[in-house]
Amino acid sequence: MTTSITPRQDFEIHPRLVDPLLPELLHPDRLLWTPRELADLTSTVATELTSGLRGLLRFDADHRWWARLALTDGVELWLLSWLPGQQTKPHDHGGASGSFTVLQGELGEEYRYPGGPVRRRTHVAGEGIGFGAGRAHQVTGIGTEPAASVHAYSPPLVATREYRTLADVPAEIPSLAPILDR
């Protein structure tokens, strides 16, 4: 007698994203992603799953909108929308590495690494960035058109810390990320 074992699916995907490419991109066995791997993920999702993402997008004049696209033990993936002027508070990602790629529109980013100066960048559609665990930033929808971006964080589900300003970022950002058994 032969028994078959159904492989366990160790990930969640937004129910309205049905593109078969996404499960292939998630690498459920990978428990910790580098900033480069996260940047590759957000870039690929933003360029290859564009129509599915646009079908999910919502814009709300009162609040920034977001939806989790996927979650594994090693990474979480989000879609965020930004109307002109909508912004995050200055924050870090609690020791998680991250990435975002702009799907449409323009985003302004002020960022700082501990002990460094506050810097500014503009990110336009198709551009992305991966960053390490020590980066704090504030992101703002700029320009005249609505913007959207795909974000990824590893390890997933790490609490963010908010600051009054980026000048308040401590000299060393303590990690809130769980210690992974390897």
Side-chain angles (χ1 to χ4, degrees), residues 21-22 25-27 30-50 52-54 56-57 64-72 74-143 145-163 165-170 172-173 175-177:
L21 177 61
L22 187 54
L25 296 173
L26 292 175
H27 303 286
R30 183 182 296 162
L31 294 181
L32 197 59
W33 293 57
T34 67
R36 177 77 250 156
E37 291 166 334
L38 293 169
D40 289 345
L41 175 64
T42 60
S43 176
T44 302
V45 168
T47 58
E48 299 296 324
L49 304 179
T50 306
L53 297 176
R54 290 186 197 276
L56 292 176
L57 266 177
R64 285 186 315 109
W65 176 92
W66 58 85
R68 186 164 65 196
L69 301 175
L71 175 67
T72 73
V75 68
E76 61 183 313
L77 187 66
W78 292 85
L79 176 64
L80 285 73
S81 72
W82 313 80
L83 290 173
Q86 288 181 332
Q87 64 185 11
T88 65
K89 293 181 179 179
H91 66 282
D92 66 45
H93 292 277
S97 293
S99 172
F100 67 89
T101 298
V102 180
L103 176 67
Q104 68 181 52
E106 289 181 72
L107 296 177
E109 180 190 27
E110 290 188 330
Y111 64 96
R112 180 174 183 224
Y113 286 95
V118 174
R119 300 180 185 273
R120 290 172 177 78
R121 287 183 75 159
T122 297
H123 304 274
V124 298
E127 291 182 355
I129 185 167
F131 51 88
R135 183 185 179 107
H137 65 173
Q138 181 173 22
V139 181
T140 304
I142 59 174
E145 300 297 318
S149 50
V150 177
H151 297 244
Y153 306 100
S154 180
L157 306 174
V158 177
T160 61
R161 265 183 298 256
E162 293 181 349
Y163 302 98
T165 72
L166 287 172
D168 296 330
V169 174
E172 185 175 318
I173 295 176
S175 179
L176 300 173

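- Side-chain contact between Pro90 and Asp168: absent, with no pair of heavy atoms (C-beta onward) separated by less than 4.5 Å.
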Next on the checklist: What verdict does the side-chain contact (heavy atoms from CB on, under 4.5 Å) test give for Leu69 and Leu53, after you've listed the backbone C-alpha separation in whole Å, the side-chain angles of each residue and the deciding distance to 0.1 Å?
Outcome noted: CA-CA 9 Å; Leu69 301 175; Leu53 297 176; 3.7 Å; yes
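- Side-chain contact between Ile142 and Thr122 is present, with heavy atoms from C-beta onward closer than 4.5 Å.
- Residues that satisfy the ring pair (Phe, Tyr, Trp, His ring centres under 6.0 Å) test with His151, not counting sequence neighbours, are Phe100.
- The two residues Thr47 and Thr50 have their closest heavy-atom pair at O-OG1, 3.3 Å.
- Under the rule for a ring pair (Phe, Tyr, Trp, His ring centres under 6.0 Å), the partners of Phe131 that lie at least two apart in sequence or sit in another chain are His93, His137.
- Partners of Arg64 according to the side-chain hydrogen bond (donor to acceptor under 3.5 Å, both in side chains) rule, which considers only residues two or more places apart in sequence or in another chain, do not exist here.
- Counting only distance, with no hydrogens or angles, the side chain of Ser97 and the backbone of Gly132 share no donor-acceptor pair below 3.5 Å.
- Listed by chain and number, the residues in a side-chain hydrogen bond (donor to acceptor under 3.5 Å, both in side chains) with Arg68 are Glu12 (sequence neighbours excluded).
- Applying the salt bridge (charged side-chain N to carboxylate O under 4.0 Å, His left out) test to every pair with at least one member in residues 116-134, sequence neighbours left out, gives these pairs: Glu110-Arg120.
- Residues that satisfy the salt bridge (Lys or Arg N to Asp or Glu O under 4.0 Å) test with Glu106, not counting sequence neighbours, are absent from this structure.
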Item to check | Stepwise side-chain contact (heavy atoms from CB on, under 4.5 Å) check, His91 with Gln138 | outcome: CA-CA 7 Å; His91 66 282; Gln138 181 173 22; 5.8 Å; no
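- In this view, Arg112 satisfies the salt bridge (Lys or Arg N to Asp or Glu O under 4.0 Å) rule with no residue, not counting sequence neighbours.
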Item to check | Step-by-step side-chain contact (heavy atoms from CB on, under 4.5 Å) determination, Val45 to Leu25 | outcome: CA-CA 8 Å; Val45 168; Leu25 296 173; 3.9 Å; yes
Distance-only criterion, 3.5 Å: show the donor-acceptor pairs between side-chain atoms of residues 77-85 and protein atoms not counting sequence neighbours.
residue: Trp78; atom: NE1; partner: Glu76; partner atom: OE1; Å: 2.8
residue: Ser81; atom: OG; partner: Arg58; partner atom: O; Å: 2.6
residue: Trp82; atom: NE1; partner: Ser149; partner atom: OG; Å: 2.9

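- Taking the side-chain hydrogen bond (donor to acceptor under 3.5 Å, both in side chains) definition, one finds that Tyr111 meets it with nothing, sequence neighbours left out.
- Counting heavy atoms from C-beta outward, Thr42 and Ile129 have side chains that stay 4.5 Å or more apart.
- At least one donor-acceptor pair closer than 3.5 Å links the side chain of Ser154 to the backbone N or O of Gly74.
- The shortest side-chain heavy-atom distance between Pro170 and Tyr163 falls under the 4.5 Å cut-off.
- Listed by chain and number, the residues in a side chain to side chain contact (heavy atoms under 4.5 Å, CB included) with Ser43 are Thr101 (sequence neighbours excluded).
- Distance OG1/Thr72 to CH2/Trp33: 6.5 Å, rounded to 0.5 Å.
- With hydrogens and angles disregarded, no donor-acceptor distance shorter than 3.5 Å links the side chain of Thr44 to the backbone of Leu41.
- Taking Glu162 as the reference, Lys89 meet the salt bridge (Lys or Arg N to Asp or Glu O under 4.0 Å) condition, with sequence neighbours excluded.
- Looking at heavy atoms from C-beta onward, Leu26 lies out of side-chain contact with Leu71 at the 4.5 angstrom threshold.
- Atom CZ in Arg36 sits 8.0 Å away from atom OG in Ser99 (nearest 0.5 Å).
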Checklist entry - Yes or no on side-chain contact (heavy atoms from CB on, under 4.5 Å) for Leu49 and Val150, after CA distance, side-chain angles and deciding distance? => result CA-CA 11 Å; Leu49 304 179; Val150 177; over 6 Å; no
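- Residues passing the side-chain hydrogen bond (donor to acceptor under 3.5 Å, both in side chains) test with Thr88: none are found, sequence neighbours excluded.
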Next on the checklist: Would His123 and Glu109 count as a side-chain hydrogen bond (donor to acceptor under 3.5 Å, both in side chains) here? Give the steps.
Outcome noted: CA-CA 8 Å; His123 304 274; Glu109 180 190 27; 2.8 Å; yes
